J.: 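Pasting a structure below so you can have a look.
These numbers come from a predicted model, not from an experiment.
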Amino acid sequence: MPAEPSPTTGSSAFHSGDAPRRLAQTALRSVPWEIGVAKPDPAVVVDGVTRTFGGLTAVSVDHLEIQRGGITGLIGPNGAGKTTLFNLLTGFDQPDTGTWSFDGRQLGKLSPHQVARLGVVRTFQLTKALSRLTVLQNMLLGAQGQRGEGFFRALVPGVWRGQEKANTERAMDLLARFKLDAKKDDFAGTLSGGQRKLLEMARALMSDPKVVMLDEPMAGVNPALTQSLLGHVKDLREQGMTVIFVEHDMDVVRDISDWVVVMAAGRVIAEGPPESISQNRAVVDAYLGAHHDAPLTVEEEDQVLAEAEREIAREENLDGEVFSSDVPPQERTEK
Amino acid sequence: MSEFLDAITGGLQAGLGYQAIFFVLLAVGLNVHFGYTGLLNFGQAGFALLGAFGVAVSVVRWDLPFWVGIVIGLAAAVLLALLLGLPTLRLRADYLAIVTIAAAEILRLVFRSVGATAVTGGTRGLSGFNADFVALAPWAGGRQYDILGTRWSGAQLWLALVGWTLVALTSLLVWSLMRSPWGRVVKAIREDEDAARSLGKNVYAYKMQALVLGGVIGSLGGTVYALGLGSVNPDQYQNANTFLAYTALILGGAARIWGPILGGTILLFLVQFADTGLKALISNGIIPESLLSPTDVASLRFVLIGVGLMALLVFRPQGILGDRREVMLDAR
């Protein structure tokens with residue numbers, strides 16, 4: 001695939017000067033807009049994953065590939081199974097059938113923390129800021145491979161102090177990027193909703209993830225903050241991370257995604273670049289309901305026509321000018 | 001006036017004696033469980049029972065040195081924690097609460113059953129196992145010592161010294177753990193397990209470690225109590241002790257190193273102070289005996305403590321040492 005930098009249109013100045021390299025977008029240009037289509041360089045591959053809750057099939061995905069280094073938007077009406085799919089991919093839920101892999105490594109049967117350690121981190125629809133920990137402590141939790149997190153090594157500060165210092169520096173850098181550095185000693189529970197979203201994203205980045213899964217990162221965030229959050233998400237792509245996110249705001253989806261996957265009733269019903277989605281018949285049906293403006297069939301047309309003719313006939317009958325089949329003419333004259 | 005002084009010195013002696021150490025150690029353990037990790041252990045008395053009977057049974061029945069008995073008690077506590085944790089720690093917090101409350105009661109009933117008499121002494125319990133421990137005292141165990149108006153036997157003084165040293169050591173251990181990254185993970189689990197999981201922390205393992213640590217500290221409390229009293233009886237380890245230890249913890253302030261220490265001491269001081277004080281007021285005729293007889297004082301003092309605790313929770317929910325802002329974050 002061609003890897004030369006291609007300047008994109010309409011992307012705001014979010015990075016330190018250099019033009020954004022949207023490699024994934026370039027790579028995906030030649031991919032057909034088909035459900036389950038193979039991507040040039042998939043990071044995550046899902047195969048035949050189903051999950052039922054009682055009689056309800058929440059997720060049933062035959063085949064799905066997520067391009068590495070791109071931003072993939074996952075959209076769909078409420079109850080489409082987007083969050084359930086997230087839960088399955090990150091080990092928070094176990095599917096009834098199916099396999100999925102990350103970088104060719106099978107992720108089935110792994111517990112959430114094992115998935116996270118492989119470099120697949122997620123955020124939650126309902127933000128999970130750790131309220132009674134400070135902002136900085138929240139950040140430090142994200143760091144992986146901490147020596148001081150073992151029970152016995154925790155008792156020997158010399159073992160972990162250096163690492164802790166390095167992690168703190170990194171956390172402060174990230175906090176500065178997310179403009180939360182002034183709040184580092186505040187309890188996370190005192191932050192506003194939008195700031196919590198920022199903190200959750202920053203905390204996820206502390207683990208140096210390869211895949212970031214964001215569950216409705218913009219929900220409940222004011223428009224000004226949305227722009228800065230968007231900038232951060234684009235930044236992730238620039239750093240070579242694969243981003244999968246769930247979002248309802250179509251403007252946001254159109255703005256940042258390289259590829260969009262649409263789900264409805266647990267299935268993938270369409271995928272393609274953002275511009276392909278709004279014209280897609282199945283997508284419009286899923287959001288607005290099928291047959292909302294479907295043309296009439298021949299039988300329906302005949303039926304309507306016949307109805308109208310009968311109506312006209314009855315009206316004319318009352319005037320007594322035209323012969324009607326249901327009332328004999330003699331009776332009428334007797335009346 | 002002298003009665004008031006008596007009540008204060010009596011309270012002090014209770015607040016520093018082996019009973020206070022018992023509750024403080026129970027509360028230090030619960031602080032690890034509830035205060036830091038967010039585990040609801042309602043069966044801390046069961047751990048204490050194992051610590052107490054570990055020493056008693058080892059010395060009386062198996063003729064082992066008492067320090068081996070202490071080790072056996074600790075090992076039993078570890079085993080109990082693993083047994084309770086294995087099935088429940090994957091589930092929601094309330095399951096552990098139910099299982100621990102049942103386990104403490106089961107342990108007590110089994111230990112006092114007729115079938116167990118050959119080992120535990122049944123309802124009569126065991127006694128005469130602390131002689132070796134008292135003999136270790138650097139001073140004469142039988143002599144009386146007067147300190148600031150309080151009177152201690154040499155044995156009591158020795159036990160208080162050892163007991164408070166244990167409190168200091170366990171608190172130091174908890175402190176050094178809680179300021180480390182390990183403590184940070186444990187507190188994150190208290191706040192939100194799923195968030196901790198999504199950050200790559202093995203929540204189950206951490207909860208298990210915390211459960212074992214707190215349980216072991218609680219069992220040390222039982223050991224101290226048994227050595228102080230010189231006898232053990234399963235009915236001394238009723239689960240009401242767990243709730244008194246919770247009272248001490250909340251009174252002092254949960255998730256604070258000094259919280260359980262201060263809380264336990266003050267609680268025992270208040271109980272004894274109310275007891276001596278009320279009796280003195282009755283004997284002086286200030287409270288007419290028709291209103292309150294000396295025999296009712298024993299239960300009335302707990303009523304007073306209960307009322308005081310309610311007032312504390314209304315006006316100072318964070319306890320004596322807690323941070324109000326921190327507690328209020330939960331009330332969102």
Side-chain angles (χ1 to χ4, degrees), chain A residues 86-87 90-92 111-124 126-134 136-157 159-161 163-164 167 186-191 200 203-204 206-207 209 213 215, chain B residues 32 35-38 78 89-90 169-170 172-214 216 253-256 318 322-332:
Chain A
F86 258 42
N87 286 343
T90 49
F92 278 84
S111 51
H113 72 269
Q114 289 169 319
V115 175
R117 283 179 192 173
L118 286 177
V120 182
V121 294
R122 68 169 299 182
T123 65
F124 294 87
L126 300 170
T127 330
K128 292 188 186 297
L130 305 163
S131 300
R132 286 186 287 171
L133 262 57
T134 66
L136 183 60
Q137 283 176 323
N138 263 273
M139 291 296 290
L140 289 173
L141 266 168
Q144 297 299 305
Q146 294 192 50
R147 287 191 282 271
E149 287 185 352
F151 184 88
F152 292 106
R153 277 176 298 182
L155 295 170
V156 192
V159 175
W160 46 266
R161 206 153 260 157
Q163 197 186 24
E164 184 85 348
N167 283 340
D186 290 7
F187 284 126
T190 63
L191 297 181
E200 201 181 17
R203 190 175 66 193
M206 272 299 284
S207 63
M213 302 180 69
D215 199 347
Chain B
V32 174
Y36 290 109
T37 321
V78 171
L89 287 182
R90 287 191 199 282
L169 287 177
T170 52
L172 194 71
L173 176 71
V174 174
W175 172 78
S176 55
L177 277 172
M178 290 311 160
R179 67 170 183 151
S180 77
W182 187 88
R184 193 164 56 216
V185 176
V186 154
K187 286 180 226 166
I189 291 169
R190 174 190 69 194
E191 297 301 310
D192 195 314
E193 280 183 25
D194 280 344
R197 278 197 192 95
S198 76
L199 295 170
K201 315 299 175 201
N202 187 350
V203 169
Y204 184 64
Y206 282 99
K207 278 161 84 170
M208 188 63 92
Q209 289 167 3
L211 187 67
V212 171
L213 175 66
V216 162
R256 289 287 180 279
Q318 70 274 34
D323 179 345
R324 192 181 180 90
R325 286 183 312 139
E326 200 177 321
V327 174
M328 283 305 156
L329 282 178
D330 267 357
R332 265 178 300 126

J.: Taking all non-hydrogen atoms of both residues, which atom of B/R190 and which atom of B/G35 are closest, and how far apart?
T.: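 Where B/R190 meets B/G35 most closely, the heavy atoms are NH1-O, 2.8 Å.
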
J.: A/Q114, A/R147, A/R161, A/E164: which one forms the most heavy-atom pairs within less than 4.5 Å of chain B?
T.: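 Looking at each option in turn, the highest pair count goes to A/E164.
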
J.: Heavy-atom cut-off 4.5 Å, strictly under: side chain, backbone, both or neither for B/D194 against chain A?
T.: both

J.: Check each atom of A/F151 against the heavy atoms of chain B and say whether the ones under 4.5 Å are side chain, backbone, both or neither.
T.: both

J.: Side chain from CB out, backbone as N, CA, C, O: work out which of these in B/L173 comes under 4.5 Å of a heavy atom of chain A, or both, or neither.
T.: both

J.: Could you tell me whether a side-chain N or O of A/K128 sits under 3.5 Å from a main-chain N or O of B/A195, the two making a donor and an acceptor?
T.: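 Checked: no pair found.
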
J.: Using every non-hydrogen atom in the two residues, find where A/S207 and A/A204 come nearest and quote the distance to one decimal.
T.: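 Heavy-atom minimum between the residues: OG-O, 2.7 Å.
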
J.: Pick whichever of A/L140, A/T190, A/V121, A/N138 has the most heavy-atom pairs under 4.5 Å with chain B.
T.: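 Among A/L140, A/T190, A/V121, A/N138, the one with the most close pairs to chain B is A/L140.
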
J.: When rounded to the nearest 0.5 angstrom, what distance separates CZ in A/R203 from CG in A/L141?
T.: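 Answer for the CZ-CG pair, A/R203 versus A/L141, is 7.5 Å.
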
J.: Return the orientation label for the A/F124 and A/F92 ring planes: parallel under 30°, perpendicular over 60°, tilted otherwise.
T.: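 Because their plane-to-plane angle is over 60°, the rings of A/F124 and A/F92 count as perpendicular.
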
J.: Using heavy-atom distances under 4.5 Å, tell me whether B/Y206 contacts chain A through its side chain, its backbone, both, or neither.
T.: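 The answer is the side chain of B/Y206.
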
J.: Do side-chain atoms of A/Q144 reach the backbone of A/G119 as a donor and acceptor pair under 3.5 angstrom?
T.: no

J.: Of all of B/K187, B/Q209, B/R197, B/R184, which one pairs up most often with chain A through heavy atoms under 4.5 Å apart?
T.: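 Counting heavy-atom pairs under 4.5 Å, the top option is B/R184.
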
J.: Which region of A/A143, side chain (C-beta onward) or backbone (N, CA, C, O), has a non-hydrogen atom less than 4.5 Å from a non-hydrogen atom of chain B, or is it both or neither?
T.: backbone

